[in-house]
Asks: 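One structure is given below, represented as structure tokens, and several questions about it will come after.
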Amino acid sequence: MKDINKAYNPQEAEDRIYKKWEDSGYFNPDNLPGKRPEYFSISMPPPNVTGVLHLGHALENTIMDAAIRFQRLKGKKAVIIPGTDHAAVATQARVEKNLIKEGIKDPRKELGREALLLKIREYAENSKTIIIKQIKKMGTSCDWSRLAYTFDEKRSAAVNKVFIKMYNDGLVYRGYRVVNWSVKGQSTCSDDELVHIERDAKFYTFKYDKDFPFEISTTRPETKLGDTAVAVNPKDERYKKYIGQTFTANVGAKELLKIKIIADPEVDPNFGTGALGVTPAHALVDYEMAQKNNLAIIPVIGPDGKMTEEAGNDYAGLTVMAAREKFVQHLKDNGLLSKEEDIKQNVGTSDRFGDVVEVIPMTQWWINVNKEIPGRKKSLKDLMRDAVTIGNNGDKSQIINITPDHYSKLYMQWIDNLRDWCISRQIWWGHRIPVWYCADCGEIIVSENKPEKCTKCGLNNLRQDEDTLDTWFSSGLWTFSTLGWPENIDAKGKKIGDLKAFHPTTWMQMGYEILFFWMARMILMTTYILEEIPFKDVYIHGMLRDKNGQKFSKSLGNGIDPIEVANQFGTDALRLSLISGTSAGNDSRFYEEKVEGNRNFVNKLWNISRFILTSVKEIKRIDKKPKASTLADEWILNQLAALEINANKELEASNFSLATDLLRAFTWNDFADWYLEISKIEKDKDEILLYILERLLILWHPFIPFVTEAIWENFDADDLLMVQVWPSSAKASEGTAFKQFSLIVDIISLIRNLRAENKIEPAKKVNVRMIGGKNAKLLKDQLSIIQGLARIENLEITDKGEKPAQSVGGVVFGVEVYILMEGLVDKAKETERLTKEIEQIKNYIVTLEKKLGNQEFVKNAPKEVVAGEEEKLADAKGKVVKLEEQLKGL
RNA sequence: GGGCAAUUAGCUCAGCUGGUUAGAGCGUUGCAUUCACAUUGCAAAGGUCACUGGUUCGAGUCCAGUAUUGCCCACCA
């Protein structure tokens with residue numbers, strides 16, 4: 001007899017089993033056994049090297065791994081390409097913060113570029129090591145031989161290539177425009193990197209000077225030193241006469257302000273005075289108005305967050321707040337300020353550095369999203385739209401399918417609002433922009449490596465651009481840069497190698513919070529570079545929250561370390577907790593009790609196996625479906641077949657939670673509670689037990705890979721569980737076995753009640769003549785009654801007489817049972833219900849037939865309406881047939 | 001201001017294209033347990049599917065409106 005532990009011990013099994021998987025080489029699709037014509041590839045969203053994995057990562061790993069293990073079992077060439085992300089700003093910000101804690105006041109100044117980069121690299125490498133270890137702990141079956149990093153040599157080469165191509169196509173340009181500037185981080189950030197917060201502000205109403213004809217209102221008086229216009233609504237009678245005029249105003253700036261009165265329909269006449277002071281240098285809207293009206297741009301705030309010389313001697317060098325106070329004082333002193341109100345204001349803050357960003361005009365690198373791509377007749381924006389609507393290049397097989405569907409609306413809305421993407425950053429950790437400036441002639445050379453000499457003047461006084469690229473630039477290339485782009489494009493421009501084998505990737509999962517950051521950028525980059533979509537299906541998962549529905553966050557201190565949970569309850573229990581009871585796109589709560597319950601389930605499965613493996617005569621694999629010799633056998637095999645079909649269906653549709661529900665119901669309720677109990681009485685079920693167990697292990701494997709593989713070790717199998725063949729039943733019938741069985745259960749239930757009420761003597765044998773035929777749905781409960789009975793030794797149910805007419809019968813516990821059909825207690829009720837429903841639908845059919853028989857209707861109604869009605873009719877008729885069959889079966 | 005979602009048992013959540021008497025896990029209550037499993041078993045209680053209308057032979061499911069909650073976007077200076 002096998003010796004198997006009483007309880008499953010994940011600590012003992014997990015590391016050993018992961019190593020076994022790794023050693024097998026099966027994480028690499030090239031090593032998978034058998035012919036595998038179809039591929040299934042997943043790019044792992046690379047975790048940032050800013051620290052360790054959190055629960056969200058654990059969720060992602062679980063989802064991805066469940067998907068890939070399922071596909072691997074299904075015989076696909078399945079691969080997860082793993083990797084990590086250098087996360088430019090995020091990582092540098094984190095390391096700088098740490099250094100400041102250690103007492104270095106200004107890390108950039110004190111350490112300099114090289115030394116600081118060294119520190120960050122050290123931190124990143126350390127982080128990477130931890131992250132990889134943690135991913136392994138989660139059981140994720142990714143192909144480590146293809147491990148990538150957004151900042152490694154290959155990915156850097158890809159980044160440079162793409163930048164250069166975009167530059168040559170005129171999509172990347174260098175331009176002087178207003179940017180979002182984090183004074184604290186001393187870097188730009190893109191529109192998406194802003195987090196809007198509401199704060200209290202003062203709203204001032206005043207005149208520029210005493211000669212100015214009317215008042216304006218603002219929350220940023222200090223920026224008024226750089227105003228070059230006032231915008232009013234063209235319909236506003238108060239100001240109509242001024243439109244087109246230019247006034248000069250003395251506000252104390254370096255030069256007199258020349259204020260042109262311009263008309264803009266966007267100006268709300270009812271807000272403030274209805275006149276808006278336009279500061280092109282320090283507000284995006286104002287900047288856009290300046291572009292339209294050809295206005296001067298006067299920066300009065302510098303990148304250091306202090307007032308510039310343009311602001312005038314009184315203000316230059318002051319911080320923004322100090323300048324504001326001073327300017328307001330100036331207005332008060334001169335009787336120019338007429339109102340000061342408290343209002344709520346929305347401001348953008350840097351998501352990484354946390355400070356309120358200043359809008360400042362600067363020369364930066366941009367990606368033009370509206371310009372036509374040479375030879376494509378489309379802009380990048382168009383490509384991004386096409387990918388989720390008509391398909392890339394109008395090819396319907398190149399449509400990205402987003403689950404849940406409504407996120408595609410959000411995506412489209414984002415594209416509509418998309419402006420040119422500012423891609424240069426002034427931080428140091430990241431891909432340096434491959435652009436060289438000639439100090440002698442000012443030539444700009446775009447090149448991957450430092451050119452020997454200037455292409456224009458021939459001198460070699462070249463300096464590389466100091467800036468680095470937005471981290472999402474490299475992330476956008478992820479699906480193809482990890483598959484060997486650009487080497488894997490041959491001379492004819494055809495894909496070869498991994499790129500051919502696995503791109504477009506099959507499936508992608510991500511949280512909705514990076515839909516714009518990442519998904520959108522991947523679509524942009526991939527459709528542009530490869531003229532292909534990056535992935536066919538995107539599964540959007542929700543966010544995990546704590547027990548009270550709060551977000552997990554460092555500041556709240558409610559974080560849960562997934563590794564700790566895995567250590568305590570086992571990785572399988574953790575995985576099951578993350579994936580069950582959730583649905584795509586919706587947030588879910590995570591709490592310990594849930595994990596505990598799943599730990600219990602994992603243990604249950606372990607014990608089911610323990611029971612089977614220790615009680616069978618010989619542990620062996622059963623290839624062919626065993627023959628059912630009793631009703632119970634027939635029933636459970638039928639249930640299993642149904643499970644195989646339905647679990648497969650749900651998994652194909654990425655309904656992970658539904659699949660686990662089905663599996664759990666079968667495993668615990670049908671198989672353990674019920675069939676195993678019967679097997680203790682009805683003997684000789686070794687084959688069926690082993691057959692079901694084997695299949696159950698495969699079906700469960702995508703979700704709880706460790707325990708299933710651990711149990712599998714007891715089979716004398718020639719290969720790992722992870723590469724077995726996914727069972728696929730062609731069909732399951734609800735056939736007679738199912739019905740008969742539920743009837744038998746009902747009988748036993750009735751007898752038990754009669755005994756309990758002393759209507760029959762407990763020891764007396766009974767002849768079954770009728771049944772309390774309630775409802776098949778109660779089956780579950782009734783099955784457990786059987787189990788209860790199974791423990792009563794003296795119970796015997798027989799009908800030694802001849803088999804009654806109009807009866808069904810079968811063998812339970814080795815006892816023959818016959819049930820008279822005519823005595824069904826609930827037959828009348830059921831008949832009534834069915835009759836009523838049939839009648840209802842028949843009425844409907846008559847209505848429909850009348851409608852379709854009406855020539856007028858058929859002639860006048862649109863084709864699809866008629867077709868729809870016909871479909872409804874067929875549907876209804878089918879239902880009647882089904883119901884009538886049911887009625888007959890009673 | 002614009003948009004997207006959610007509202008189902010005490011709690012956390014499922015419920016696919018409308019079709020038997022709306023489900024699970026946890027929790028609660030009672031009972032059992034030398035049996036593979038106390039990380040157990042059995043049973044019970046617990047729901048006008050937010051509200052109001054509509055479509056339909058039939059609505060938790062589709063539509064409209066209301067309320068509440070959450071999220072995203074946005075230049076009210």
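What's counted below: heavy atoms across the whole structure, side chains too, no hydrogens, waters or symmetry copies. Quick caveat, the model's predicted, so the values are computed rather than measured. In the text below, chain A, chain B and the rest are named by the order of the sequence lines, each starting its count at 1.
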Asks: Distance check, C1' atoms only: rG46(B) and rA22(B), in whole angstrom units.
Replies: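 About 14 Å, rounded to a whole number of Å.
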Asks: Before accepting this row, confirm whether a basic side-chain N of the pair E222(A)/R220(A) lies closer than 4.0 Å to the acidic partner's carboxylate O.
Replies: yes
Asks: rU56(B) and rC75(B): how far apart are their C1' atoms, nearest whole angstrom?
Replies: 48 Å
Asks: How close or far is atom P of rA36(B) from atom NZ of K6(A), stated in whole angstroms?
Replies: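 Taking atom P of rA36(B) as the reference, NZ of K6(A) is at 10 Å.
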Asks: Using the side-chain contact (heavy atoms from CB on, under 4.5 Å) criterion, which residues pair with S609(A)? Sequence neighbours excluded.
Replies: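 side-chain contact (heavy atoms from CB on, under 4.5 Å) check on S609(A) returns L613(A), L693(A), I711(A).
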Asks: So does K604(A) reach the base of rC37(B) with its side chain, donor to acceptor, closer than 3.5 Å?
Replies: yes
Asks: Do the ring planes of F666(A) and F671(A) sit parallel (below 30°), tilted (30 to 60°) or perpendicular (above 60°)?
Replies: parallel
Asks: Taking only the C1' atom of each, what is the distance from rC51(B) to rA59(B) in whole angstrom?
Replies: 16 Å
Asks: For S217(A), enumerate each residue passing the side-chain hydrogen bond (donor to acceptor under 3.5 Å, both in side chains) test, keeping only those at least two apart in sequence or located in another chain.
Replies: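 Result, side-chain hydrogen bond (donor to acceptor under 3.5 Å, both in side chains) vs S217(A): T205(A).
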Asks: Quick one, give me the B/S/- string for nucleotides 72-77 of chain B, reading 5' to 3', where B means a protein heavy atom under 4.0 Å from the base and S means that only happens at the primed atoms, P, OP1 or OP2.
Replies: SSBBBB
Asks: Would you measure the distance from the C1' atom in rA32(B) across to the matching atom in rU69(B) and give it in whole Å?
Replies: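 Pairwise C1' distance, rA32(B) against rU69(B), rounds to 44 Å.
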Asks: Could you give the CG-to-C1' distance, from L676(A) to rG41(B), as a whole number of Å?
Replies: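 For the pair L676(A) CG and rG41(B) C1', the rounded distance is 13 Å.
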Asks: Hey, where does RNA chain B pair up into stems, meaning at least three consecutive Watson-Crick or G-U pairs with distances under 3.5 Å?
Replies: B:1-7 with B:67-73, B:10-13 with B:23-26, B:28-32 with B:40-44, B:50-54 with B:62-66
Asks: Could you give the CG-to-P distance, from L576(A) to rU39(B), as a whole number of Å?
Replies: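 Rounded to the whole Å, the gap is 19 Å.
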Asks: Taking side-chain hydrogen bond (donor to acceptor under 3.5 Å, both in side chains) as the definition, give me every residue that meets it alongside E513(A), ordered by chain and number, with sequence neighbours left out.
Replies: none
Asks: At under 4.0 Å between heavy atoms, how does the protein contact nucleotides 7-15 of chain B? Give one character per nucleotide, 5' to 3', with B, S or -.
Replies: -----SSS-
Asks: Between rC37(B), rC4(B), rC26(B), which nucleotide has the shortest distance from any of its atoms to the side chain of H406(A)?
Replies: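 The nucleotide sitting nearest to the side chain is rC4(B).
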Asks: Distance between the C1' atoms of rC37(B) and rG41(B), in whole angstroms?
Replies: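 Result for the C1' pair: 10 Å, nearest Å.
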Asks: Taking the P atom in each of rG15(B) and rU39(B), what is the distance between them to the nearest angstrom?
Replies: 32 Å
Asks: Which residues satisfy the side-chain contact (heavy atoms from CB on, under 4.5 Å) test with L544(A), sequence neighbours excluded?
Replies: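 Per chain and number, L544(A) pairs via side-chain contact (heavy atoms from CB on, under 4.5 Å) with L55(A), L59(A), F552(A), L578(A), S588(A), F590(A).
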Asks: Rounded to the nearest 0.5 Å, how far does CD1 of I297(A) lie from CZ of R177(A)?
Replies: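 Answer rounded to 0.5 Å: 10.5 Å.
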Asks: I need the full list of salt bridge (charged side-chain N to carboxylate O under 4.0 Å, His left out) pairs touching residues 569-596 of chain A, with sequence neighbours left out, sorted by first then second residue.
Replies: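 Found D65(A)-R575(A), R545(A)-D587(A), K547(A)-E593(A).
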Asks: Listing request: all side-chain hydrogen bond (donor to acceptor under 3.5 Å, both in side chains) pairs with a residue in residues 650-664 of chain A, at least two apart in sequence or in separate chains.
Replies: K74(A)-E652(A), W507(A)-S654(A), N598(A)-R664(A), E650(A)-N655(A)
Asks: Distance check needed: rG25(B) P versus L662(A) CG, whole Å only.
Replies: 13 Å
Asks: What pairs of donor and acceptor atoms, side-chain ones from residues 194-204 of chain A against any protein atom, are under 3.5 angstrom apart with sequence neighbours left out?
Replies:
residue, atom, partner, partner atom, Å
D200(A), OD1, K344(A), NZ, 2.8
K202(A), NZ, D342(A), OD1, 2.8

Asks: Parallel, tilted or perpendicular: which one describes the rings of Y208(A) and F212(A), with boundaries at 30° and 60°?
Replies: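 Rings of Y208(A) and F212(A): perpendicular, over 60°.
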Asks: Identify, with sequence neighbours excluded, every residue that meets side-chain contact (heavy atoms from CB on, under 4.5 Å) alongside A283(A).
Replies: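 Only D286(A) meet the side-chain contact (heavy atoms from CB on, under 4.5 Å) criterion with A283(A).
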Asks: Over how many whole Å does the gap from N607(A) atom CG to rG41(B) atom P extend?
Replies: 10 Å
Asks: Could you tell me the separation between the CH2 atom of W606(A) and the P atom of rC37(B), rounded to a whole number of Å?
Replies: 14 Å
Asks: On a whole-Å scale, what distance lies between the P atoms belonging to rC62(B) and rC49(B)?
Replies: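 Rounded to whole Å, the distance is 15 Å.
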Asks: What integer distance in Å separates E596(A):CD from rU39(B):C1'?
Replies: 8 Å
Asks: Where each residue is assigned the nucleotide of RNA chain B containing its nearest heavy atom, which of E650(A) and Y407(A) is assigned the position nearer the 5′ end?
Replies: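 Its nucleotide being nearer the 5' end, the pick is Y407(A).
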Asks: Where the side chain of R610(A) is concerned, which of rA36(B), rU39(B), rA5(B) is the nearest nucleotide?
Replies: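 Comparing rA36(B), rU39(B), rA5(B) against the side chain of R610(A), the answer is rA36(B).
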Asks: Check the phosphate of rA24(B) against W668(A), side-chain N and O only, distance under 4.0 Å to OP1 or OP2. Yes or no?
Replies: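 Indeed not, no polar side-chain atom of W668(A) lies that close.
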Asks: Roughly how many Å is it from NZ in K649(A) to P in rU17(B), rounded to a whole number?
Replies: 11 Å
Asks: Sequence neighbours left out, what passes side-chain hydrogen bond (donor to acceptor under 3.5 Å, both in side chains) with D192(A)? Give chain and number order.
Replies: W414(A), R521(A)
Asks: Report yes if at least one side-chain N or O of N598(A) is closer than 4.0 Å to OP1 or OP2 of rG25(B); otherwise report no.
Replies: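 No, because none of the side-chain N or O atoms of N598(A) sits under 4.0 Å from OP1 or OP2 of rG25(B).
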Asks: In whole angstrom, give me the gap between the P atoms of rC71(B) and rA44(B).
Replies: 41 Å
